[in-house]
Novice: 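Here it is, the structure, as structure tokens.
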2 protein chains.
Amino acid sequence: MKDLRGKLSRSIRNKEMVLLVCNCRVDYSGRAVSALGWGDRLVLIKPDHTVLVHKPDGRNPVNWMAEGSNIEVEESDGSLIIICDSVNPREHMVVTVRKVYSLESNKLKDGEVLVSAGSEADMARMIYENPSLIGESFKPVRLEEQTKHGFIDVLGAEGSVLTVVECKRYKAGLGAVQQLRRYVERLQKSKGVMKVNGVVAAPSITKNAMNMLGDWGYRFVVVEPPMYLDLDKSEQRRLEDY
Amino acid sequence: MKDLRGKLSRSIRNKEMVLLVCNCRVDYSGRAVSALGWGDRLVLIKPDHTVLVHKPDGRNPVNWMAEGSNIEVEESDGSLIIICDSVNPREHMVVTVRKVYSLESNKLKDGEVLVSAGSEADMARMIYENPSLIGESFKPVRLEEQTKHGFIDVLGAEGSVLTVVECKRYKAGLGAVQQLRRYVERLQKSKGVMKVNGVVAAPSITKNAMNMLGDWGYRFVVVEPPMYLDLDKSEQRRLEDY
DNA sequence: ACACCAAGCAGCAAT
DNA sequence: ATTGCTGTTTGGTGT
């Protein structure tokens with residue numbers, strides 16, 4: 001274990017990406033507490049001092065420390081002990097390694113950034129630019145207004161009545177209707193007007209949410225999120241082209 | 001690349017955990033669309049066919065496929081091409097690898113499951129068992145009741161008045177108050193009673209949420225989530241003992 | 001720093 | 001399978 005400890009410490013200090021496949025146990029305390037008994041896992045230490053412990057299944061790490069953690073490697077009783085600490089939030093994770101299957105590290109270079117589309121913001125933009133998606137008389141006024149007390153996706157008017165549009169890129173649930181209700185009520189209060197229209201714009205809506213929508217006199221409009229990448233900032237290619 | 005393709009395919013078929021450190025690009029389409037240019041990354045393929053692409057920083061994978069995806073490995077123009085597909089939701093991810101820094105795989109065995117404490121459910125249980133945390137006259141009735149129209153953390157009574165308690169393990173925000181409001185209103189409607197008490201139980205609460213709470217006649221009670229593990233199911237040890 | 005909200009949220013439980 | 005909701009949510013943005 002001694003040389004392993006040295007190699008590990010050196011790789012971390014050297015800002016390499018470390019892959020440690022091992023049998024280990026993990027103890028965590030901080031925002032919660034947890035214990036994980038002995039088993040085979042991947043311990044991934046990134047150059048930014050993010051530490052991830054992955055079980056052989058699932059998308060998420062079973063334990064982790066956010067970037068910037070302090071990492072110490074010790075050796076005791078033939079075990080490798082990886083101690084991670086962070087302040088704000090104060091967190092502590094200890095990985096005790098009793099068997100190493102493989103340890104390797106690489107210096108990685110990656111300057112690229114993910115380009116993606118299909119978010120709720122993209123949807124809001126699409127509605128702003130194509131107001132008829134909401135209704136014949138809908139005239140958009142403001143896009144993605146983040147105010148002190150909420151975030152209105154699209155604000156517009158139908159005739160002389162203000163209309164709040166809440167977008168959801170997936171099936172709208174109770175939460176979406178509640179959000180809409182909050183924004184509508186705030187507008188009514190702040191503007192001192194009785195009537196404000198509320199619209200949920202989403203590809204679909206759950207039954208309960210639809211009922212709640214009706215109870216409050218709001219309406220639902222089917223809108224699909226736009227799925228194309230703006231790769232060249234000029235030429236947009238539809239998803240299906242790929 | 002040819003032998004690499006064989007090794008990779010074999011490891012995947014063999015349900016091993018595959019670690020591929022490489023220079024690659026990634027294209028994804030499904031719930032959204034994304035493109036990621038050339039760079040050095042870790043491609044992690046788990047036995048359950050979860051696929052994760054990790055950049056050298058950050059906690060989350062930059063691209064991924066959920067467990068159970070179909071994975072094909074091809075070779076073209078000296079590049080390794082990993083094609084992942086899933087139905088429901090229909091998703092597609094292609095990792096094009098032009099340079100392999102390392103490729104290894106291991107058969108992992110991990111039967112352990114994470115034991116943790118400090119969740120909202122733990123909080124609700126604590127309140128149920130220590131009702132005075134909410135108030136002198138609070139008598140708990142039901143714990144974590146999932147009704148058709150919402151999920152009530154703790155339901156109780158103060159005198160002859162029903163009381164709904166909404167727990168948050170962290171600082172309570174507007175969402176918590178709205179949730180509470182929905183449950184209270186539903187109860188009032190279904191039971192046909194005028195008065196139902198509402199309580200937000202959390203370590204702290206935001207200013208806006210506190211105001212909203214007052215507007216609706218609800219109250220806030222300071223409660224910290226319980227941070228101890230029930231390791232033996234009999235003997236509880238406090239976090240600080242470790 | 002705080003507050004609020006979206007996420008290709010993921011994962012879980014109950015319907 | 002759908003619905004609703006928590007999470008050591010993470011991550012981003014505006015105040």
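The sequence lines fix the lettering, A, B, ..., with proteins before strands; numbering per chain opens at 1.
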Novice: When the distance from CG of A:D27 to P of D:dT8 is rounded to whole Å, what number comes out?
Specialist: 16 Å

Novice: Suppose we screen for side-chain contact (heavy atoms from CB on, under 4.5 Å). Which residues come up paired with A:A176, at least two apart in sequence or across chains?
Specialist: A:K168, A:A172

Novice: If only side-chain N and O atoms of A:R186 are considered, is one of them under 4.0 Å from the OP1 or OP2 phosphate oxygen of C:dC4?
Specialist: no

Novice: For B:E145, check side-chain hydrogen bond (donor to acceptor under 3.5 Å, both in side chains) against everything at least two apart and list the hits.
Specialist: B:R142

Novice: Has B:K168 got a side-chain N or O lying under 4.0 Å from the OP1 or OP2 atom of D:dT6?
Specialist: yes

Novice: With a 4.5 Å heavy-atom cut-off, do B:V51 and B:M93 have their side chains touching?
Specialist: yes

Novice: Of all the nucleotides listed (D:dG4, D:dT8, C:dA10), which has the minimum atom distance to the side chain of A:E91?
Specialist: D:dT8

Novice: Taking the side chain as C-beta and beyond, is there a heavy-atom pair between A:V221 and A:L133 under 4.5 Å?
Specialist: no

Novice: I want to check one thing: is the phosphate of D:dG4, taken as OP1 and OP2, less than 4.0 Å away from some side-chain N or O of B:Y183?
Specialist: no

Novice: Please give, in whole Å, the distance from D:dT3 P to A:M212 CE?
Specialist: 16 Å

Novice: In whole angstrom, give the distance that lies between atom CD of A:E120 and atom C1' of C:dC5.
Specialist: 8 Å

Novice: Does a side-chain N or O from A:Y170 land closer than 4.0 Å to OP1 or OP2 of D:dT3, or not?
Specialist: no

Novice: Starting at atom CG of A:L143, determine the distance to atom C1' of D:dT13, rounded to an integer number of angstrom.
Specialist: 14 Å

Novice: Roughly how many Å is it from CD in B:E144 to P in D:dG4, rounded to a whole number?
Specialist: 18 Å

Novice: For residues 211-228 of chain A, which residue pairs pass the salt bridge (Lys or Arg N to Asp or Glu O under 4.0 Å) check, not counting sequence neighbours?
Specialist: A:E158-A:R219

Novice: Which residues within residues 57-72 of chain B lie with some heavy atom under 4.0 Å of an atom in DNA chain D?
Specialist: B:R59, B:N60

Novice: Using a heavy-atom cut-off of 4.0 Å across all strands, would you classify B:Q179 as base, sugar-phosphate, or nothing?
Specialist: sugar-phosphate

Novice: Respond yes when some side-chain nitrogen or oxygen of A:R31 is under 4.0 Å from OP1 or OP2 of D:dT6, and no when none is.
Specialist: no

Novice: Any base atoms under 4.0 Å from A:Q178, or only sugar-phosphate, or nothing? Heavy atoms, all strands.
Specialist: nothing

Novice: With a non-hydrogen cut-off below 4.0 angstrom, is A:S116 in contact with a base, only sugar-phosphate, or nothing?
Specialist: nothing

Novice: side-chain hydrogen bond (donor to acceptor under 3.5 Å, both in side chains) with B:R25: which residues, sequence neighbours excluded?
Specialist: B:D27

Novice: Relative to the 5' end of DNA chain C, which residue comes earlier, A:S119 or B:G173, by the nucleotide with the nearest heavy atom?
Specialist: B:G173

Novice: Give me the distance, rounded to whole Å, that separates C:dG11 from C:dA7 when you measure between the C1' atoms they each carry.
Specialist: 14 Å

Novice: Start with the C-alpha distance between B:V18 and B:I12, add both sets of side-chain angles, then the distance that settles side chain to side chain contact (heavy atoms under 4.5 Å, CB included), and finish with yes or no.
Specialist: CA-CA 7 Å; B:V18 179; B:I12 295 171; 4.2 Å; yes

Novice: Once side-chain hydrogen bond (donor to acceptor under 3.5 Å, both in side chains) is applied, do any residues pair with A:H92, and if so which ones, sequence neighbours excluded?
Specialist: A:D85

Novice: I want to verify a distance call: between C:dC9, D:dT6, D:dC5, whose nearest atom is closest to the A:R169 side chain?
Specialist: C:dC9

Novice: Do any side-chain atoms of residues 109-123 of chain B form donor-acceptor pairs under 3.5 angstrom with protein atoms, and if so which ones, sequence neighbours left out?
Specialist:
| residue | atom | partner | partner atom | Å |
| --- | --- | --- | --- | --- |
| B:D110 | OD1 | A:R41 | NH2 | 2.8 |
| B:D110 | OD1 | B:E112 | N | 3.1 |
| B:D110 | OD2 | A:R41 | NE | 2.8 |
| B:D110 | OD2 | A:R41 | NH2 | 3.3 |
| B:D110 | OD2 | A:K55 | NZ | 3.1 |
| B:S119 | OG | B:A121 | N | 3.4 |
| B:S119 | OG | B:D122 | N | 3.2 |
| B:S119 | OG | B:D122 | OD2 | 3.1 |
| B:D122 | OD1 | B:R125 | NH1 | 3.0 |
| B:D122 | OD2 | B:G118 | N | 2.9 |
| B:D122 | OD2 | B:S119 | N | 3.1 |

Novice: Counting just side-chain N and O atoms, does A:K171 come under 4.0 Å of either OP1 or OP2 of D:dG4?
Specialist: no

Novice: Assign B:E145 to base, sugar-phosphate, or nothing according to its heavy-atom contacts below 4.0 angstrom with the strands shown.
Specialist: nothing

Novice: Dump the pairs, protein N or O against N or O of nucleotides 12-14 of chain C, anything under 3.5 Å, distances to one decimal.
Specialist:
| residue | atom | partner | partner atom | Å |
| --- | --- | --- | --- | --- |
| C:dA14 | O4' | B:Q146 | OE1 | 3.1 |

Novice: Got a sec, which residues hit side-chain contact (heavy atoms from CB on, under 4.5 Å) with B:M212, two or more places apart in sequence or on another chain?
Specialist: A:R182, B:L174, B:V177, B:Q178, B:W216

Novice: Any chance you could measure B:M17, atom CE, to A:L42, atom CG, to the nearest 0.5 Å?
Specialist: 5.0 Å

Novice: Give me the stems containing DNA chain C, sorted by first residue, counting only three or more consecutive Watson-Crick or G-U pairs with both distances under 3.5 Å; say none if there aren't any.
Specialist: C:1-7 with D:9-15, C:9-15 with D:1-7

Novice: State which residues pass side-chain contact (heavy atoms from CB on, under 4.5 Å) with A:E91; sequence neighbours excluded, sorted by chain then number.
Specialist: A:Y28, A:R31, A:M65, A:S86, A:P89

Novice: With nearest nucleotides of DNA chain D determined for A:A172 and B:A121 from heavy-atom distances, which residue corresponds to the more 5′ nucleotide?
Specialist: A:A172

Novice: Take atom CD of A:E224 and atom P of C:dG8, then tell me their distance rounded to the nearest Å.
Specialist: 17 Å

Novice: Where the side chain of A:T206 is concerned, which of C:dC5, C:dA10, D:dG4 is the nearest nucleotide?
Specialist: D:dG4

Novice: I'd like the C1' distance from D:dT6 over to C:dA6, given in whole Å.
Specialist: 16 Å

Novice: For the pair made of CG in A:N208 and C1' in D:dC5, what is the distance, rounded to whole Å?
Specialist: 14 Å

Novice: Rounded to the nearest angstrom, tell me the gap between atom CG in A:L114 and atom P in C:dC9.
Specialist: 14 Å

Novice: Going by the side-chain hydrogen bond (donor to acceptor under 3.5 Å, both in side chains) test, which pairs reach into residues 62-72 of chain A, not counting sequence neighbours?
Specialist: A:S34-A:N63

Novice: Would you check if the side chain of A:K46 reaches a backbone N or O of B:D57 as a donor-acceptor pair within less than 3.5 Å?
Specialist: yes

